[in-house]
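Since the structure comes first, as structure tokens, the remarks are kept for the end.
Below, each value reflects all heavy atoms present in this structure, side chains not excepted, and no hydrogens, waters or symmetry copies. Positions are given from 1, in the same order as the sequence printed here.
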Amino acid sequence: MLLKISVILFGYLCGCVNGAYYVGKIMAKEDIRELGSTNAGARNAGRVFGKSAFIYTVIIDALKTVIPLLVALYFFGENALILGATAIAILLGHAWPVQLQFRGGKGVVVYLATALILAPVGLIIVGLTVLIGLQIKKNFTIVGLVGLLTIPIYLLLTSMFKLSGIFFVMIVIVILLHRKGD
């Protein structure tokens with residue numbers, strides 16, 4: 001039980017490593033949460049600091065997601081509940097990092113990196129949905145969120161009920177974090 005709690009807590013602490021915040025501090029000695037849309041995410045980092053900041057932020061946020069999920073896989077195999085709790089803890093750390101006064105990002109990269117490890121086929125479906133959606137509607141945020149919603153639906157349709165539930169909880173959090181725009 002202690003190992004399970006430790007892995008989930010490790011996930012939250014890794015989630016607290018906010019790529020956009022640290023890239024902004026290193027590249028420009030600025031707090032991304034005070035610039036642009038004030039969101040501590042890759043999209044805002046790219047707008048404010050340029051393409052390289054976007055790329056570095058995505059890499060950091062993906063790694064902080066993949067590493068604890070691989071640790072959870074190593075210790076607990078494909079135990080969906082532990083993997084799910086770890087993934088949600090990472091997302092919560094990203095959105096509400098303790099060392100940044102609980103002001104973090106919106107979790108899109110964390111969500112996608114979780115899919116890379118737990119539901120890689122879902123990423124292809126997201127990509128296709130976004131490509132088609134952008135032909136219909138030019139609002140990337142709305143199209144992107146609809147695309148992200150395809151992962152729990154795909155998992156549900158393929159009878160991966162626990163994973164579907166995990167991704168459903170995560171997408172609800174991501175959507176709620178997007179209420180104020182960006």
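- With no hydrogens or angles considered, no side-chain donor-acceptor pair links Ser37 and Arg43 at under 3.5 Å.
- Tracing side-chain contacts under 4.5 Å through hydrophobic residues (I, L, V, M, F, W, Y), one never reaches Ile26 starting from Val23; they form parts of separate clusters.
- With rounding to the nearest 0.5 angstrom, the CD1 atom of Ile60 is 9.0 Å from the CG atom of Asn18.
- In this structure, the separation between CD1 on Ile175 and NE2 on His178 is 9.0 Å, given to the nearest 0.5 Å.
- Distance CD1/Ile90 to CZ/Phe10: 8.5 Å, rounded to 0.5 Å.
- Residue pairs meeting the salt bridge (charged side-chain N to carboxylate O under 4.0 Å, His left out) criterion with at least one partner in residues 12-32, sequence neighbours excluded, are Asp31-Arg33.
- In this structure, Leu145 CG and Thr150 OG1 are separated by 11.5 Å, a value rounded to the nearest 0.5 Å.
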Take Ile32 and Tyr22, measure what side chain to side chain contact (heavy atoms under 4.5 Å, CB included) needs, and give me the verdict at the end. CA-CA 9 Å; Ile32 190 69; Tyr22 294 109; over 6 Å; no
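- By the side chain to side chain donor-acceptor pair (under 3.5 Å) test, Glu34 pairs with Arg103, sequence neighbours left out.
- Closest approach of Ala20 and Thr57 over heavy atoms only: N-CG2, 3.4 Å.
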Going by atom type alone, with no hydrogens or angles, which donor-acceptor pairs under 3.5 Å involve a side-chain atom of residues 151-159 and a protein atom two or more places apart or on another chain?
from: Thr158; atom 1: OG1; to: Tyr154; atom 2: O; distance (Å): 2.9
from: Thr158; atom 1: OG1; to: Leu155; atom 2: O; distance (Å): 3.2

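- The two atoms that bring Gln99 and Cys16 nearest to each other are NE2-O, 2.6 Å, heavy atoms only.
- Linking ILVMFWY side-chain heavy atoms closer than 4.5 Å, directly or via other members, places Val174 and Ile142 in two distinct hydrophobic clusters.
- Under a hydrophobic clustering in which Ile, Leu, Val, Met, Phe, Trp and Tyr are joined whenever their side-chain heavy atoms come within less than 4.5 Å, directly or via other members, Leu100 and Leu92 fall into different clusters.
- Across all their heavy atoms, Leu177 and Ala95 have their closest contact at CD1-CB, 3.5 Å.
- Counting only heavy atoms from C-beta outward, the side chains of Phe49 and Leu35 approach each other to under 4.5 Å.
- Atom CG of Leu83 and atom CG of Leu81 lie 9.0 Å apart (nearest 0.5 Å).
- The side-chain hydrogen bond (donor to acceptor under 3.5 Å, both in side chains) pairs that include a residue from residues 2-17 number zero, where partners must be two or more places apart or lie in different chains.
- Remark: Lys138 NZ is packed, more than 12 non-hydrogen atoms of other residues, nucleotides or ligands lying under 6.0 Å away.
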Scan the side chains in residues 62-75 for donor-acceptor partners under 3.5 Å anywhere in the protein, sequence neighbours excluded, and list what turns up.
from: Lys64; atom 1: NZ; to: Gly15; atom 2: O; distance (Å): 2.9
from: Lys64; atom 1: NZ; to: Val17; atom 2: O; distance (Å): 2.9
from: Lys64; atom 1: NZ; to: Asp61; atom 2: OD1; distance (Å): 3.3
from: Lys64; atom 1: NZ; to: His94; atom 2: ND1; distance (Å): 2.6
from: Thr65; atom 1: OG1; to: Asp61; atom 2: O; distance (Å): 2.8

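- Applying the side chain to side chain donor-acceptor pair (under 3.5 Å) criterion to Glu78, with sequence neighbours excluded, gives no partner residue.
- Partners of Ile55 by side-chain contact (heavy atoms from CB on, under 4.5 Å), not counting sequence neighbours, listed by chain and number: Lys51, Ile59.
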Atom pairs and distances, side-chain donor-acceptor, residues 114-132, under 3.5 Å, sequence neighbours left out:
from: Thr114; atom 1: OG1; to: Val110; atom 2: O; distance (Å): 2.8
from: Thr129; atom 1: OG1; to: Ile125; atom 2: O; distance (Å): 2.7

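- Hydrophobic clustering of Ile, Leu, Val, Met, Phe, Trp and Tyr side chains at less than 4.5 Å, counting indirect connections, unites Val169 with Trp96.
- Cluster membership for Val146 and Leu112, using ILVMFWY side-chain heavy atoms within less than 4.5 angstrom, is not shared.
- Within the structure, the salt bridge (charged side-chain N to carboxylate O under 4.0 Å, His left out) test picks out no pair touching residues 83-100 (sequence neighbours left out).
- In this view, Val58 and Ala42, Phe54, Val109 satisfy the side-chain contact (heavy atoms from CB on, under 4.5 Å) rule, not counting sequence neighbours.
- Other members of the hydrophobic cluster containing Met1, listed by chain and number, are Ile5; membership follows side-chain contacts under 4.5 Å among ILVMFWY residues, whether direct or relayed.
- A ring-ring contact (aromatic ring centres under 6.0 Å, His included) check over residues 106-129, counting only residues at least two apart or in different chains, returns the pairs Tyr111-Phe167.
- Taken from CD1 in Ile166 to CZ in Phe161, the straight-line distance is 13.5 Å, to the nearest 0.5 Å.
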